[in-house]
Amino acid sequence: MSGSIVLALSYGLLAVFVVAAVLRSVRLWRLPIHLRWELAPIPKEKTRGRYGGSYLEEFEWWTKPREESMTAELAYMLKEIVFLKALWEHNRRLWWFSFPFHVGLYVLVAVGGLLVLAGAAGAMGLQGPGWGLMRQGLPILIGVACVLGTVGALGLVVSRLFDARLRNGTTPVAMFNLILVLALFVTGGVALFSVDGYAGQASAFAAALFRAQPPPALSTPLGVHVAVALVFLAYLPFSQMMHFVAKYFTYHQVRWDDRPLEPGGAIEREVTELLQQPVTWAAPHVGADGKKNWVDIATEEVPK
Amino acid sequence: MSGPVKVKDIGARGDELLSRVDVDELMPLPPPYDRLEEQPGWKEIKPEAKERMVCNLDGVVGLSLPRPETEAEERRYVDQFAEGLKKLLTRENNWTFLQPLTLALEYCVGCQTCSDACHIFKASGDKEIYRPTYRSEVWRRLVKKYVTPGGRLLAPLTGADVDLNWTTISRLYELAYRCNLCRRCAQVCPIGIDNGLIAHELRKLFSQELGWAPRELHEKGTVLQLEVGSSTGMNQVVVKDNVEFIDEDLTEETGIEVHSPWDKEGVDVLLIHNAGEILAWPENPGAFAIILNAAGIDWTLASEGIDYDGVNYGLFYDDVQLARIALKHVSTAKKLKVKKIVMGECGHQHKALMTVADRILTGDMRVQRESCMTMLEDIVFSGKIEFDPSKNDFPVTLHDPCNIVRNLGIVEPQRRILRHLCPQFREMTPHGVDNYCCGGGSGFAVMSGNNFTDWRVSVAGRMKFKQILDAFADQPGPEVQKYVCAPCSNCKGQIRDMLQYYGALEKSGITYGGLVELIVNAMVDVKEPFIKWEMH
């Protein structure tokens with residue numbers, strides 16, 4: 001395949017990833033504010049958060065200042081993101097595979113980040129003293145990622161095939177997702193062990209993308225790995241694997257969103273607008289006609 | 001249906017049960033409740049009743065859904081359901097929960113971490129249809145197939161294999177009422193997916209689009225409350241009479257002048273009880289009156305509108321009814337110009353009025369709302385009332401109502417009171433925000449049609465009953481009187497039904513009641529024991 005086609009395909013797949021990931025995240029961000037639906041424990045609750053208490057434990061809570069701890073919230077998030085705390089505590093059997101699977105991905109993302117940096121540096125003609133260190137370290141990181149990721153992904157595939165708990169809820173798409181990630185790790189591992197100058201080739205490829213120049217030809221195993229990685233990236237925003245973005249919303253905007261409505265505040269303004277929307281629910285007791293809005297429906301006398 | 005139940009089975013073989021509840025497979029209970037032969041049998045659904053009502057899920061009929069008479073009628077319901085499925089995902093019709101619902105639709109990875117957290121799934125002996133994700137996955141596959149563009153074409157790839165037909169929707173309706181909406185599953189989900197919310201939204205779809213809802217929650221619940229003032233059927237004259245009677249009775253019993261004021265303007269506290277207390281546990285509102293008067297609180301009850309009944313069953317199945325009731329609760333408080341509304345011992349009342357309805361109380365509908373737990377803690381530790389904790393020197397354990405504890409984070413005030421006033425207070429395991437639901441949550445406590453009570457007590461409440469027994473395992477016999485403190489009307493109703501079902505007062509000496517009863521029992525000025533060791 002010519003370098004120009006590789007360049008165009010790479011840009012295309014990366015563009016799909018960026019655009020789709022941004023659109024999907026923005027879509028979640030733009031969903032309307034919902035009724036309060038918080039769920040204890042809320043770790044930002046200073047001192048009370050450790051046992052699940054909230055500011056509603058205060059006598060006449062509205063007369064007291066809210067005491068929140070960003071440190072406690074960050075500590076909770078860190079434990080959840082890095083160590084998969086919830087899975088460790090509540091589903092240990094799956095954690096043994098899910099943890100290496102996720103760590104493998106994290107390391108692979110870190111490797112990607114390093115390659116981007118190296119590519120950018122290369123494109124600008126910068127070859128700092130760290131480059132040699134990176135060239136040595138990159139294969140180690142890739143190796144760690146691929147071993148952990150392969151063990152994790154394989155374990156998850158096997159679990160979904162043979163664990164009766166998981167089998168019923170596993171769709172073909174879910175299985176495909178796992179197999180795709182498994183392919184990502186396996187091809188990475190194969191490339192690492194069969195390609196001389198792995199780091200050099202990979203960073204040269206990244207640098208070429210930065211320069212918008214046709215990249216140098218990659219050895220076949222590395223080419224396959226890069227292709228799988230780019231396909232994976234382009235597919236990612238369309239899959240459940242975007243749950244790393246969704247988690248921000250489920251935690252921060254649902255579970256931990258215990259903000260009370262304040263007169264004249266942003267929540268009141270948004271809700272007042274939402275209440276003006278017409279309702280079309282069809283059950284007779286709702287009394288909707290497609291013109292009445294939520295305020296009309298909620299305040300009129302009930303149909304008997 | 002034989003073999004393991006699959007998600008797509010929900011729409012197949014509609015004349016058969018999808019999965020039968022087998023008493024032999026339920027989670028074992030400790031002695032003496034482990035002998036199946038000594039437990040009351042389940043009420044049988046007669047063949048003629050099955051001819052009339054849908055009974056195709058698990059052999060339990062909680063909703064008495066009539067069978068359609070014609071295929072055209074079936075088709076109409078299926079079409080309505082399909083419409084509702086779409087409306088649930090629109091901003092106009094469901095802004096109230098669209099964001100969490102969308103997240104639950106798109107991001108569950110099926111790790112099943114939620115399953116072991118669910119008391120119903122575990123108590124049933126891991127019955128597949130009670131797995132929190134089973135119902136959710138049915139809904140997801142229906143949305144993927146019938147709402148997502150190209151869904152039918154892509155179904156073989158996406159796994160959207162559930163057919164939308166009468167069998168599916170009739171089973172799904174009943175299945176939406178096999179979850180207590182306690183949200184314990186959501187609490188442990190690594191992604192933050194809320195299967196309880198999905199059950200809630202399915203209930204809303206059935207109610208708001210098809211007009212299907214349990215009679216106890218709708219006709220006898222929210223509709224009656226909005227028409228008459230209370231889901232108990234009491235109008236304002238009757239409720240005042242009943243409270244007056246309670247005051248007289250308790251004045252005689254305690255030797256203290258008990259008086260409950262009505263409709264006082266400009267007071268500090270408008271106390272709203274679950275009106276079920278007035279009928280089923282009159283000592284509870286009576287105890288509140290004794291405590292508030294002794295502490296010198298300027299308070300009132302309200303007879304106007306619906307403010308003598310704090311229930312809001314809309315929380316469980318219908319956003320429109322939820323909003324109507326919440327707005328009425330607040331409007332009377334505004335009229336009386338009270339400083340704050342205080343929730344009585346009712347969990348879902350707390351959640352409905354303090355948090356869920358919070359964001360619709362805009363503009364001049366704003367009134368401050370507080371839990372009775374914090375007010376009672378303030379009173380108990382204020383020094384205004386003299387207590388003798390030795391009067392409560394018997395084993396006491398605390399049930400945490402999900403709506404007050406897990407959902408509002410009000411965990412410690414009630415515990416500080418119990419530690420102060422009850423020398424033998426002990427926790428259940430687990431407790432606090434990790435508690436198990438009593439099994440009566442989300443309206444189940446007032447639902448008793450056909451054999452639903454048998455299921456509610458034997459399956460939904462099984463984990464809580466085991467927890468209660470375990471909490472008193474050091475003194476299991478009936479010779480030691482023990483008290484389960486359940487500061488929530490619906491929880492009390494469920495615990496009463498469980499203790500009665502198993503004969504736990506006779507076999508283990510266990511009774512139950514609220515928090516205020518323990519407070520009054522410990523008051524030095526109350527000479528006679530306030531707690532009666534009887535099943536009531």
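Per chain, numbering begins at 1; letters A, B, ... match sequence-line order.
Within the 4.5 Å cutoff, the side chain of Trp95(B) has heavy atoms near those of the Val271(A) side chain. For the pair Arg359(B) and Glu270(A), the minimum side-chain heavy-atom distance is 4.5 Å or more. The shortest side-chain heavy-atom distance between Gln321(B) and Val286(A) does not fall under the 4.5 Å cut-off. Residues Glu370(B) and Phe59(A) meet the side-chain proximity criterion, which asks for heavy atoms closer than 4.5 Å.
Both the backbone and the side chain of Ser207(B) come within contact range of chain A, each with at least one heavy atom under 4.5 Å from a heavy atom of that chain. The part of Asp194(B) that comes within reach of chain A is its side chain, from C-beta onward, which places non-hydrogen atoms under 4.5 angstrom from that chain. At a 4.5 Å heavy-atom cutoff, the contact between Arg91(B) and chain A is made by backbone and side-chain atoms alike. Heavy atoms of Lys8(B) lying under 4.5 Å from chain A are absent altogether. With a threshold of 4.5 angstrom between heavy atoms, Asp318(B) approaches chain A through side-chain atoms but not through N, CA, C or O. Residue Cys114(B) does not touch chain A at all, counting heavy-atom pairs closer than 4.5 Å. Using a 4.5 Å cut-off between heavy atoms, Gln80(B) does not touch chain A at all. For Ser115(B), no part sits under 4.5 Å from any heavy atom of chain A, backbone or side chain. Heavy atoms closer than 4.5 Å to chain A are found in the side chain of Lys340(B), but not in its backbone. Within the 4.5 angstrom heavy-atom criterion, no atom of Leu376(B) approaches chain A. Of the two parts of Ile410(B), the backbone and the side chain both hold a non-hydrogen atom closer than 4.5 Å to a non-hydrogen atom of chain A. The part of Leu361(B) that comes within reach of chain A is its backbone (N, CA, C, O), which places non-hydrogen atoms under 4.5 angstrom from that chain. For Thr96(B), the parts sitting under 4.5 Å from any heavy atom of chain A are the backbone and the side chain alike. Neither the backbone nor the side chain of Leu84(A) comes within contact range of chain B; no heavy atoms are under 4.5 Å apart. Using a 4.5 Å cut-off between heavy atoms, Val342(B) does not touch chain A at all.
Residue Leu101(B) holds its CG atom at 10.0 Å from CG of Leu31(A), rounded to the nearest 0.5 Å. Rounding to the nearest 0.5 Å gives a distance of 12.0 Å between SG of Cys185(B) and NE2 of His90(A). Atom-to-atom distance recorded for Thr113(B):OG1 and Arg92(A):CZ is 12.0 Å, nearest 0.5 angstrom.
His200(B) and Trp37(A) have tilted rings, their planes meeting at an angle from 30° to 60° on a 0 to 90° scale.
In terms of non-hydrogen atom pairs under 4.5 Å with chain B, the most contact-rich of Val254(A), Leu56(A), Thr171(A) is Leu56(A). Comparing Glu268(A), Arg259(A), Glu89(A), Arg255(A) by how many heavy-atom pairs each has under 4.5 Å with chain B, the most go to Arg255(A). Per-residue counts of heavy-atom pairs under 4.5 Å with chain B were compared for Leu35(A), Val173(A), Asn91(A); the largest is that of Leu35(A). Across Asp163(A), Leu275(A), Leu261(A), the residue that shares the most heavy-atom pairs under 4.5 angstrom with chain B is Leu261(A). Listed options Asp258(A), Thr299(A), Leu166(A) were ranked by heavy-atom pairs under 4.5 angstrom with chain B; first place goes to Leu166(A). The candidate from Arg165(A), Gln276(A), Arg48(A), Glu45(A) with the greatest count of non-hydrogen atom pairs under 4.5 Å with chain B is Arg165(A).
When all heavy atoms of Pro190(B) and Ala86(A) are compared, the closest pair comes out as CA-CB, 3.9 Å. When every heavy atom of Gly159(B) is checked against every heavy atom of Pro172(A), the shortest pair comes out as CA-CD, 3.6 Å. Cys108(B) and Gln240(A) get closest at one heavy-atom pair: O-NE2, 2.7 Å. When all heavy atoms of Glu209(B) and Thr280(A) are compared, the closest pair comes out as OE1-O, 4.3 Å. Taking every heavy atom of both residues into account, Gly409(B) and Ala40(A) meet most closely at CA-CB, 4.2 Å.
Side-chain atoms of Trp294(A) never come within 3.5 Å of backbone atoms of Asn93(B) as a donor-acceptor pair (strictly under, hydrogens ignored). With Glu57(A) contributing its side chain and Pro413(B) its backbone, the two residues share no donor-acceptor pair below 3.5 Å. No side-chain donor-acceptor contact under 3.5 Å links Arg406(B) to the backbone of Gly52(A). Side-chain atoms of Thr250(A) come within 3.5 Å of backbone atoms of Ile191(B) as a donor-acceptor pair (strictly under, hydrogens ignored). Gln99(B) places no side-chain N or O within donor-acceptor distance of the main-chain N or O of His34(A), the cut-off being under 3.5 Å. Checking side-chain atoms of Trp61(A) against main-chain N and O of Arg369(B) turns up a donor-acceptor pair under 3.5 Å.
When each of Asp358(B), Ile360(B), Asn407(B) is paired with Arg36(A), the side chain to side chain contact (heavy atoms under 4.5 Å, CB included) condition holds for Asp358(B) and for no other. Applying side chain to side chain contact (heavy atoms under 4.5 Å, CB included) to Thr362(B) and the options Thr272(A), Ile267(A), Val295(A) leaves one that passes, Thr272(A).
Under the 3.5 Å distance criterion, with hydrogens and angles disregarded, no donor-acceptor pair is assigned to the side chains of Gln368(B) and Glu60(A).
For the pair Arg93(A) and Asp116(B), the salt-bridge criterion is not met [side-chain N within less than 4.0 Å of a carboxylate O].
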Begin from the C-alpha positions of Arg27(A) and Glu106(B) and carry the test salt bridge (charged side-chain N to carboxylate O under 4.0 Å, His left out) through to its verdict.
CA-CA 12 Å; Arg27(A) 181 176 149 259; Glu106(B) 296 176 1; 2.6 Å; yes
